[in-house]
Participant: 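Dropping a structure here in structure tokens format, bear with me for questions.
Chain A is the first sequence line, chain B the second, and so forth, proteins listed ahead of strands; every chain is numbered from 1.
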Amino acid sequence: MHVLLPDGKRLELSAGATGADVAAAIGPGLARAALGIRVDGRLRDLQSEVDGGATVAILTSRDAEVIELMRHTLAHVLAQAVREHLVAEGAAPGDVRMGIGPTIEHGFYYDFDLPRSLTPDDLEQIEVRMRAIVAADLPLGRFTLPRVEALERYRTQGDPYKTELIEDLPEGETISFYRQGAEEGVGFTDLCRGPHVPRTGVLPPHFKLTTLAGAYWRGDESRPMLQRIYGVAFTSAEALEEHLWRVDEAKRRDHRKLGAELDIFVLDEDIGPGLPLWLPRGAIMVEEIERLAKEVEARGGYQRVRSPHLSKEQLFLKSGHLPYYEHDMFPAMVLDDVKYYVKPMNCPFHHKIFAARPRSYRDLPLRLAEYGTCYRYEDHGALMGLLRVRSMQMNDAHIYCTPEQFEAEFLKVIGLYLEYFELFGIDSYVMRFSKHAPEGLGKKYVDEGELWRSTEDMVRRALVAGDVSFYEADDEAAFYGPKIDVQIKSAIGREFTLATNQVDFVQPGRFDLHYVDEHGERKTPLCIHRAPLSTHERMVGFLIEHYGGDFPLWLAPEQVRIVPIADRHLPYADEVAEALRAVGLRAEVDGGNDRMNAKVRAAELYKVPYIAVVGDKEHDARTVSFRSRREEARNGIDLEAFTSHLREQVATRASNVTPIA
RNA sequence: GCCAAUGUAGCUCAGCGGUAGAGCAGCCGAUUCGUAAUCGGCAGGUCGUCAGUUCAAAUCUGACCAUUGGCUCCA
């Protein structure tokens with residue numbers, strides 16, 4: 001047989017040749033340096049047999065992708081270290097059970113079922129053992145076993161996890177193991193698909209165990225909770241340093257930290273978890289977002305409505321929330337044998353508004369908007385600052401339309417997202433087409449298999465017609481229909497849904513909503529739920545991180561801080577503030593008895609976009625001297641010119657500032 | 001909800017068996033100063049809560065509450 005090399009050369013090999021054989025055939029130097037191979041674009045290890053006719057590239061430490069092999073092998077080294085660590089203190093080897101240990105972005109993890117809980121101290125000691133295993137330069141050997149023997153191997157060890165993994169492998173699948181250490185019983189052997197580096201000695205020292213966490217076996221909350229150890233690994237010290245620096249930098253942008261420093265919101269134990277208080281500065285931001293939404297929606301033909309926070313049980317029975325969404329609702333309050341619930345969503349109320357009078361096809365599409373505050377009983381452990389709360393103001397609207405109008409309306413909503421994202425300069429996001437999973441019918445999802453499929457097809461057609469790029473995800477839908485979720489990452493790298501756009505083929509029918517079409521027939525409308533600005537809590541939380549607290553002028557809680565140089569300049573400072581406030585700008589005077597330098601520093605730390613210094617020169621000429629976080633500092637700018645410069649930025653909601661003329 | 005860690009003044013943190021400390025912020029006073037910290041003084045805490053151990057608990061133990069890191073879930 002033969003293989004092709006990346007330069008197009010043909011290399012003749014005997015049958016059953018491995019990656020190592022290919023490297024050796026090319027040259028002894030390469031054979032020593034080889035860490036893995038790439039076969040037709042797929043990463044494999046040196047021990048795997050190459051396919052005849054394939055293009056094979058030998059990978060060395062110079063190839064970036066070998067870090068994948070290294071991280072994978074490091075996961076095994078971690079497992080060996082954990083076993084040694086616990087056996088050293090007296091645990092039986094069989095009591096140290098292994099789950100899975102894959103690579104992830106920046107590193108790897110491994111899940112364990114252990115006789116005791118690990119502590120951060122253990123982590124340090126385990127890392128020391130890992131370095132010893134690397135230094136021991138154990139060779140990695142791959143071997144396969146027939147299914148029966150593989151199962152027997154783990155059954156005798158009493159290992160339910162590996163046994164289950166093998167049982168779930170499809171018949172006929174090769175069951176491979178990797179052993180680090182020259183012989184059985186030494187080092188560590190693990191069920192594994194590979195690929196790996198050839199020896200532990202080639203692993204880079206630039207790794208670090210980072211966190212200890214709990215994780216359900218196979219991600220299923222009904223199964224045992226294992227202990228997971230996360231680590232990061234890079235090929236160079238600089239890359240590791242840079243990664244750790246980035247993690248640190250992200251912490252500085254964390255909206256919980258900045259939210260406290262900039263007086264935007266607080267959480268108070270007496271009020272309850274996930275129930276934030278907006279401080280005056282945060283309230284300004286929420287209201288600016290609302291103002292933006294109202295302007296955009298007025299242009300888009302939306303009408304605003306209002307609905308109560310509570311409703312009798314029957315509304316949510318009708319909508320389907322009680323059977324399908326009760327877990328996320330605050331428990332009922334009972335008055336005179338009538339149950340009332342706090343609303344988790346606005347939709348049932350809007351359906352009632354739709355039904356409040358007969359509707360003609362001429363009324364459609366009918367777009368009802370409300371920034372209603374909803375309450376959801378989120379799991380305690382899921383709460384996170386403003387990004388995951390229990391009281392939330394939805395940027396909500398429901399669009400009722402005919403099937404013929406669906407595509408255009410749906411795409412208009414997508415267009416809305418894009419308009420907002422452009423305004424905020426949001427460019428790293430993905431659109432997720434969230435579909436149901438058939439197993440969830442009747443449990444998580446209303447039991448209408450056919451309707452699910454046809455609605456999902458309709459959404460997919462609309463997305464393709466609108467040339468929207470997206471990926472599909474099963475089992476992520478709302479209980480009443482599929483969604484388009486805009487997925488985004490927080491400063492600390494956790495993915496969450498920002499905007500959402502959902503199709504509802506269920507509730508209009510359950511509420512017996514109808515309109516009269518042009519032939520005088522009663523028809524049920526479709527409903528699109530949309531929240532392009534997410535909830536106002538999550539949006540503000542996201543924007544704090546997105547801007548790192550350096551908000552564009554229109555969003556900044558305080559837009560101008562006026563710093564008088566001496567007390568005698570206070571009257572003029574007040575005059576400047578009045579002039580700014582007169583045109584709707586938010587300005588404050590720092591009248592304290594600090595030195596000017598200290599006041600400038602305080603305003604900078606508070607991230608006030610413009611600091612206007614006024615002294616004798618400014619007073620006499622009726623000017624200001626400003627410094628800004630977004631443009632070059634200028635002295636002696638005419639007060640009028642300064643004011644209109646700021647007004648212009650606010651009016652256009654500018655992110656990029658054109659310096660003052 | 002599950003696994004684990006943490007919880008001392010508004011914030012950042014020290015103290016870790018003998019009944020509480022610093023810096024910054026705050027307040028008062030002096031200084032009136034040209035673009036990131038002027039000086040001095042004062043005030044501020046039932047050490048998350050509730051039990052327990054002890055002659056004595058911020059310090060040890062337990063339960064609960066909250067926060068954080070993950071898992072599950074989600075706007």
Participant: Ignoring hydrogens and geometry, is there a side-chain-to-backbone donor-acceptor pair from R228(A) to Y216(A) under 3.5 Å?
Facilitator: no
Participant: Between E631(A) and H645(A), do the side chains contain a donor N or O and an acceptor N or O under 3.5 Å apart?
Facilitator: yes
Participant: Sugar-phosphate means primed atoms, P, OP1 and OP2; the rest is base. With that split, encode nucleotides 70-75 of chain B 5' to 3' as B, S or - using protein heavy atoms under 4.0 Å.
Facilitator: BBBBBB
Participant: Could you give the distance separating rA43(B) and rG29(B) at their P atoms, to the nearest angstrom?
Facilitator: 16 Å
Participant: Which whole number of Å gives the distance between the P atom of rU72(B) and that of rA58(B)?
Facilitator: 41 Å
Participant: Can you tell me, in whole Å, how much space there is between the C1' of rU53(B) and that of rG17(B)?
Facilitator: 12 Å
Participant: With hydrogens left out and only the distance checked, is there a donor-acceptor pair under 3.5 Å joining E618(A)'s side chain and the base of rG34(B)?
Facilitator: yes
Participant: If you measure from the P atom in rC3(B) to the same atom in rA63(B), how many Å do you get, rounded?
Facilitator: 12 Å
Participant: Over all strands shown, is N597(A) touching base, sugar-phosphate only, or nothing at heavy-atom distances under 4.0 angstrom?
Facilitator: sugar-phosphate
Participant: OP1, OP2 of rC33(B) versus side-chain N and O of R568(A): anything below 4.0 Å?
Facilitator: yes
Participant: Taking the six-membered ring of Y375(A) as reference, does the NZ or CZ atom of R390(A) fall below 6.0 Å from its centre and within a 45° cone about the axis?
Facilitator: no
Participant: Taking the same atom, C1', in rC55(B) and in rA4(B), what whole-Å distance lies between them?
Facilitator: 37 Å
Participant: Between rA51(B) and rC13(B), how far apart are the two P atoms, rounded to whole Å?
Facilitator: 30 Å
Participant: Mind checking salt bridge (Lys or Arg N to Asp or Glu O under 4.0 Å) for E288(A) and listing every partner two or more places apart, or none if nothing turns up?
Facilitator: R291(A), R586(A)
Participant: Less than 4.0 Å between a side-chain N and a carboxylate O, is that true for K483(A) and D485(A)?
Facilitator: yes
Participant: Would you say rU68(B) has OP1 or OP2 under 4.0 Å from some side-chain N or O of R256(A)?
Facilitator: yes
Participant: Using atom P of each nucleotide, how far apart are rA14(B) and rG23(B) to the nearest Å?
Facilitator: 16 Å
Participant: Quick one, E456(A) and H436(A) - any side-chain contact, counting heavy atoms below 4.5 Å?
Facilitator: yes
Participant: Return the orientation label for the Y480(A) and H529(A) ring planes: parallel under 30°, perpendicular over 60°, tilted otherwise.
Facilitator: parallel
Participant: Identify which nucleotide among rA36(B), rA30(B), rU67(B) has an atom closest to any side-chain atom of L605(A), counting heavy atoms from C-beta outward.
Facilitator: rA36(B)
